[in-house]
2 protein chains.
Amino acid sequence: MSSNSRRRPTHRKGRATLTRESVGTAALDFLGRHGPGELTMRSLAAELGVSPRALYNYVEDRRDLITVAAEIFESRWTPAALDPSRWRDDLRAFCRDLRAHYRRHPGMTTLALSENVTPARHPAMLRNVDALIGVFVRIGLPLRDAYRACMETIRMVAGFVEFQDAPHDRPPAGLDAADLHASPPPWLTVPDGEDLPHLRRIGELDPESPDTLFEFSLDVLIDGIAAQVR
Amino acid sequence: MSSNSRRRPTHRKGRATLTRESVGTAALDFLGRHGPGELTMRSLAAELGVSPRALYNYVEDRRDLITVAAEIFESRWTPAALDPSRWRDDLRAFCRDLRAHYRRHPGMTTLALSENVTPARHPAMLRNVDALIGVFVRIGLPLRDAYRACMETIRMVAGFVEFQDAPHDRPPAGLDAADLHASPPPWLTVPDGEDLPHLRRIGELDPESPDTLFEFSLDVLIDGIAAQVR
DNA sequence: ACCTGAACACCGTTCAAGT
DNA sequence: ACCTGAACACCGTTCAAGT
């Protein structure tokens, strides 16, 4: 009784009371605005208007903070349903949406990885994964292959965002915009004296947007998965 | 004349003279033995038997150090030639070899990414990329698709190593070995009260090795690329 | 119960000085 | 030319003390 009726105060000294979840949400939203390297206990505390020490009342340490942020990140992913009868189109839309989701917090995956945070802790994530596996089963994949295809799908999208979109969306300081939107990227410019005929010809093509590159990756993924159905 | 005949000493105080390349090599090899988070200017200097300040005579800063390490990493990748007439088998072997190469220095890609180091700086890397594009052209892909397929191939392998192999090969402290080699991983264990039929059945299958999972990814990739040939 | 401020052991980087 | 050692501004984390 008393433990239920006596509620935690919702405010303290003019600002909202911190909770484990509010701290994690703040960390996640911080990642939407700044690079992962800028997320420190001190900078987050400053943004919340408390001392760094205060955060340790809600998370165990920096690794735990990132764990909470990753969980909230997963809970915010609400994909559309997948209809097995038109799975190709639906899977394409599903992946486009997942890409947009990852892209909202660039570096989240890499950060969790570098901090040894294991993903898929949130029930919503498990439900989404289960549904994706279900579609692959329905189109005729054996259960094990359906699981593999699910992992491959998520890994492809996450890899595309981390390796392709993240550097594109948050250019490293000291590179001008023209270089960044070029395709092939400047690092594929052929050095003098090298005989690299294909790269040379690609350099002469119109630059390509990440979006059309992503569509090609989707073509490969979807056709590749379809080929596993026997 | 004199600037050529007067060579740099190869040793100093009993240890080999440092160079930009030897420092980068040391950093790369350090990544083969320790996690990326352990690679600091101070720890690397200690391993080389010099003061941290000494490294700054050869690299500009930590980011530059990682740039050099990444270049040497690329120069060490010596893939076998690809024969267009049996491109499926050759591409499979090519990717297995590339995976092994990445795996020798887990975290190299993620580290370069988090430090905003742009990849593909070494001429050897450019030659390998050009050759891979060449095979895709020879099997009938338009040049632009050949370039896309090349990027997709490398990104798939890099993503697999960083997201799948790296956590597997270097388990986070505090997880026992049994959990790690399970498939599905422990984070896909179905919580009580949740109705996730497919995940539940997958949990009952025999655990799967990363190697067979990688072969499935290769099946999807190769069949998917083949489907783009018209 | 939850906070602050000082402190500790790290880190990257720079300065001044040695040889 | 290349090094060392001290120093500075950071970081994560902990301690002791406040309210």
Side-chain angles (χ1 to χ4, degrees), chain A residues 2-24 26-27 30-31 34-69 111 114-117 172-173, chain B residues 2-24 26-27 30-31 34-69 111 114-117 172-173:
Chain A
S2 65
S3 70
N4 268 349
S5 57
R6 186 184 308 243
R7 275 193 264 155
R8 302 180 77 240
T10 59
H11 285 75
R12 180 179 178 123
K13 281 217 202 155
R15 42 143 258 270
T17 319
L18 298 181
T19 62
R20 178 173 169 84
E21 197 185 344
S22 76
V23 168
F30 188 98
L31 285 175
H34 308 93
E38 294 170 58
L39 173 61
T40 66
M41 302 298 279
R42 293 172 125 98
S43 64
L44 186 65
E47 204 172 66
L48 290 169
V50 294
S51 76
R53 173 63 181 90
L55 301 182
Y56 289 88
N57 293 319
Y58 305 97
V59 294
E60 287 184 23
D61 49 23
R62 182 180 145 87
R63 185 179 178 280
D64 191 37
L65 173 70
I66 292 164
T67 305
V68 186
L111 187 60
S114 70
E115 293 287 332
N116 275 332
V117 170
Chain B
S2 65
S3 70
N4 268 348
S5 58
R6 184 180 313 241
R7 278 193 262 153
R8 301 181 77 239
T10 59
H11 284 76
R12 179 179 178 126
K13 279 214 201 161
R15 41 143 259 268
T17 319
L18 298 181
T19 63
R20 178 172 168 84
E21 197 185 342
S22 76
V23 168
F30 188 99
L31 286 174
H34 308 92
E38 296 170 58
L39 175 60
T40 66
M41 301 299 279
R42 293 172 125 97
S43 64
L44 186 64
E47 205 172 65
L48 290 169
V50 294
S51 77
R53 174 64 182 87
L55 301 182
Y56 288 87
N57 293 320
Y58 305 98
V59 294
E60 286 183 25
D61 49 23
R62 180 181 147 89
R63 184 179 178 279
D64 191 38
L65 173 69
I66 291 164
T67 305
V68 187
L111 186 59
S114 70
E115 293 287 332
N116 274 333
V117 169

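In what follows, every heavy atom counts, from backbone to side chain, and hydrogens, waters and symmetry copies are set aside. Protein chains get the first letters and strands the later ones, always in sequence-line order, with residue 1 at the start of each.
Residues A/V23 and A/V68 are not in side-chain contact: their nearest non-hydrogen atoms beyond the backbone lie 4.5 Å or more apart.
Contact between the side-chain N/O atoms of B/Y58 and the OP1/OP2 oxygens of D/dC3 is found at a separation under 4.0 Å. Residue B/N57 places none of its side-chain N or O atoms closer than 4.0 Å to OP1 or OP2 of D/dA1.
From B/R62, atom CZ reaches atom OG1 of B/T67 across 11.0 Å, with rounding to the nearest 0.5 Å. Here the CG atom belonging to B/L65 is positioned 9.0 Å from the CG atom belonging to B/L111, to the nearest 0.5 angstrom.
Comparing atom distances between the A/R62 side chain and each of C/dG12, C/dC3, D/dT13 picks out D/dT13 as nearest.
Per the geometry, CG belonging to A/D64 stands 14 Å off C1' belonging to D/dG12, to the nearest Å. Straight-line distance from the CG atom of B/L48 to the P atom of D/dC3: 10 Å, rounded to whole Å. Protein atom OH of B/Y56 is 17 Å distant from nucleotide atom P of C/dA16, rounded to whole Å. Counting to the nearest Å, the P atom of C/dC11 and the CG atom of B/L39 are 11 Å from each other. Atom CD of A/E38 is separated from atom P of D/dC11 by 11 Å (rounded to the nearest Å). Between the CG atom of B/L44 and the P atom of C/dT13 there is a distance of 13 Å, rounded to whole Å. As rounded to whole Å, 14 Å separates atom P of D/dC11 from atom CG of A/L65. Whole-Å rounding puts the B/E60 CD to C/dG12 C1' distance at 14 Å.
With a cut-off of 3.5 Å on both pairing distances, the Watson-Crick or G-U wobble partner of D/dA6 is C/dT14. Pair check for D/dA1 finds C/dT19; Watson-Crick or G-U wobble, both atom distances under 3.5 Å.
At a threshold of 4.0 angstrom between heavy atoms, the contacts of A/R53 include nucleobase atoms, whether or not backbone atoms are also involved.
Around the CD atom of A/E21, the shell of radius 6.0 Å holds no more than 12 heavy atoms that belong to other residues, nucleotides or ligands.
Using a distance-only test at 3.5 Å, with no hydrogens or angles considered, a donor-acceptor pair links the side chain of B/R63 to the main chain of B/E115.
If B/R42 and B/S51 are placed on DNA chain D by their nearest nucleotide, the residue sitting closer to the 5' end is B/S51.
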